[in-house]
Every structure is written in structure tokens, then in C-alpha cells.
Amino acid sequence: MKTSKILAIVIAALGLVDAVYLIAIKYANNKSLCFISAGDCLSVNSSVYSEISGIPIAALGAAAFLAILILLVIETKSSLLARWSPYLFFSITLIGVIYSAYLTYLEIAVIKAVCPFCVLSAVCMLALFALSIFRFSRSPLE
């Protein structure tokens with residue numbers, strides 16, 4: 001397995017764990033779970049911007065990281081997946097980076113609180129996006 005693929009799997013797994021933890025914070029509504037004192041994860045995670053139609057944003061993040069993990073693990077199982085996997089990986093991470101940028105803007109400009117776990121999620125998605133671009137640069141597009 002290539003080093004960049006292993007790195008992507010590790011980062012996606014870290015993002016998934018982080019997103020699941022954010023879901024736990026959301027439903028527990030317990031400030032003690034926000035053990036990092038450099039930020040205000042409870043304010044961010046309980047804001048009106050933390051859900052879409054009752055679905056926690058963290059659950060959407062978890063779904064994205066899980067989809068990336070599954071994609072990376074099974075992409076060699078079929079020629080169709082092998083061919084389309086780089087495009088899917090790029091698409092998911094592009095959407096994730098754009099939405100993470102929007103959420104970071106909301107944290108800073110609107111909520112006026114920063115959640116370190118949300119920042120970690122955004123950094124993981126950005127790193128995965130960079131790796132998706134790297135994959136395109138390493139193999140010629142058909």
C-alpha cells in the first residue's frame with residue numbers, strides 16, 4: 001500500500017474519531033467533555049449552526065470521513081472503483097473543505113467561539129483534500 005494512501009487512511013480515521021467525539025459532546029451537553037481549555041467547544045456544538053434539520057453537523061462529518069475510509073479501503077476491489085476512486089475522493093474532500101471553511105467562518109465571526117475539535121476536523125479534511133490532489137498529480141488522468 002502506498003504511503004500516501006496509508007496516511008489518508010490514518011487521517012480519515014482520526015477525523016472519524018473526532019467527529020464521533022463531537023457527536024458525544026453534542027448529545028451529552030457536558031462541558032467536562034470539552035477537556036481542552038483552549039476553546040469553547042460546548043458553545044459551538046450547542047449553537048443553532050450545529051445542526052441541519054435536527055442532524056448534527058458532526059454526524060455529517062462522521063459520514064464523510066467514514067465514506068472516505070471505506071472508499072480508500074475497497075478501491076482496489078474492482079476496476080470500476082479503482083478508476084473512479086480518485087474522483088470520488090477529490091469530490092468528497094472538496095465539498096468537505098468548502099463546508100469546513102464556512103463552519104470556521106461561523107465560529108470566528110458569528111458564534112465568536114472556537115472549538116478545537118472542530119478545528120481538528122477541518123484540518124483533517126484539508127489534509128485529505130491535499131492528498132486527493134497529490135493522487136491526481138502522481139497518476140495521469142485518463
Side-chain angles (χ1 to χ4, degrees), residues 1-78 80-141:
M1 202 178 301
K2 293 182 181 178
T3 305
S4 63
K5 183 174 178 176
I6 293 170
L7 182 58
I9 289 171
V10 169
I11 293 170
L14 175 62
L16 178 60
V17 169
D18 179 56
V20 169
Y21 188 72
L22 282 167
I23 295 167
I25 290 171
K26 173 111 179 116
Y27 286 118
N29 200 25
N30 185 343
K31 190 171 179 84
S32 66
L33 289 176
C34 302
F35 61 87
I36 297 177
S37 61
D40 190 357
C41 67
L42 192 61
S43 292
V44 173
N45 216 4
S46 61
S47 76
V48 296
Y49 302 102
S50 67
E51 295 181 350
I52 295 177
S53 299
I55 300 170
I57 297 298
L60 299 176
F65 286 118
L66 183 61
I68 292 167
L69 264 175
I70 291 170
L71 182 65
L72 291 170
V73 170
I74 68 168
E75 71 182 349
T76 58
K77 302 296 184 207
S78 79
L80 182 65
L81 268 176
R83 179 182 168 124
W84 289 102
S85 177
Y87 298 100
L88 292 170
F89 183 38
F90 174 80
S91 300
I92 294 168
T93 58
L94 175 63
I95 292 166
V97 163
I98 292 169
Y99 197 65
S100 292
Y102 169 70
L103 292 174
T104 302
Y105 162 77
L106 288 175
E107 283 184 88
I108 295 167
V110 179
I111 303 169
K112 299 198 184 319
V114 176
C115 168
F117 298 108
C118 300
V119 171
L120 175 61
S121 178
V123 168
C124 286
M125 192 59 73
L126 182 61
L128 289 168
F129 179 65
L131 286 169
S132 76
I133 293 171
F134 177 75
R135 288 180 84 178
F136 277 128
S137 71
R138 301 291 290 167
S139 63
L141 299 176

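- The two atoms that bring I23 and A62 nearest to each other are CD1-CB, 4.2 Å, heavy atoms only.
- The line from CD1 of I70 to CD of E75 is 13.0 Å long, rounded to the nearest 0.5 Å.
- Counting all heavy atoms, side chain and backbone alike, R135 lies closest to S85 at NH1-OG, 4.1 Å.
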Margin query: Could you go through V114 and V44, starting from their C-alpha distance and side-chain angles, then the distance that decides it, and tell me whether this counts as side-chain contact (heavy atoms from CB on, under 4.5 Å)?
Written below: CA-CA 7 Å; V114 176; V44 173; 5.8 Å; no
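- A distance of 11.0 Å separates CG in L72 from CD1 in I6, rounded to the nearest 0.5 Å.
- Here the closest heavy-atom approach between residue E107 and residue C118 is recorded as OE2-CB, 3.8 Å.
- Looking at heavy atoms from C-beta onward, I52 lies in side-chain contact with I57 at the 4.5 angstrom threshold.
- When all heavy atoms of M125 and S100 are compared, the closest pair comes out as CB-OG, 4.3 Å.
- Using a 4.5 Å heavy-atom threshold, the side chains of L128 and I92 count as separate.
- In this structure, CZ on F129 lies 10.5 Å from CZ on F89, to the nearest 0.5 angstrom.
- A donor-acceptor contact shorter than 3.5 Å links the side chain of S50 to the backbone of S47.
- In terms of heavy-atom proximity, F65 sits nearest to A12 at CB-O, 3.7 Å.
- One distance of note links CD1 of I9 with CG of L16; it measures 13.0 Å at 0.5 Å rounding.
- Taking CD1 of I25 as the start and SG of C115 as the end, the distance is 6.0 Å to the nearest 0.5 Å.
- Taking CD1 from I11 and CG from L69, the interatomic distance works out to 11.0 Å, rounded to the nearest 0.5 Å.
- Scanning all heavy atoms of the two residues, the minimum distance from K26 to S46 falls at NZ-CA, 4.3 Å.
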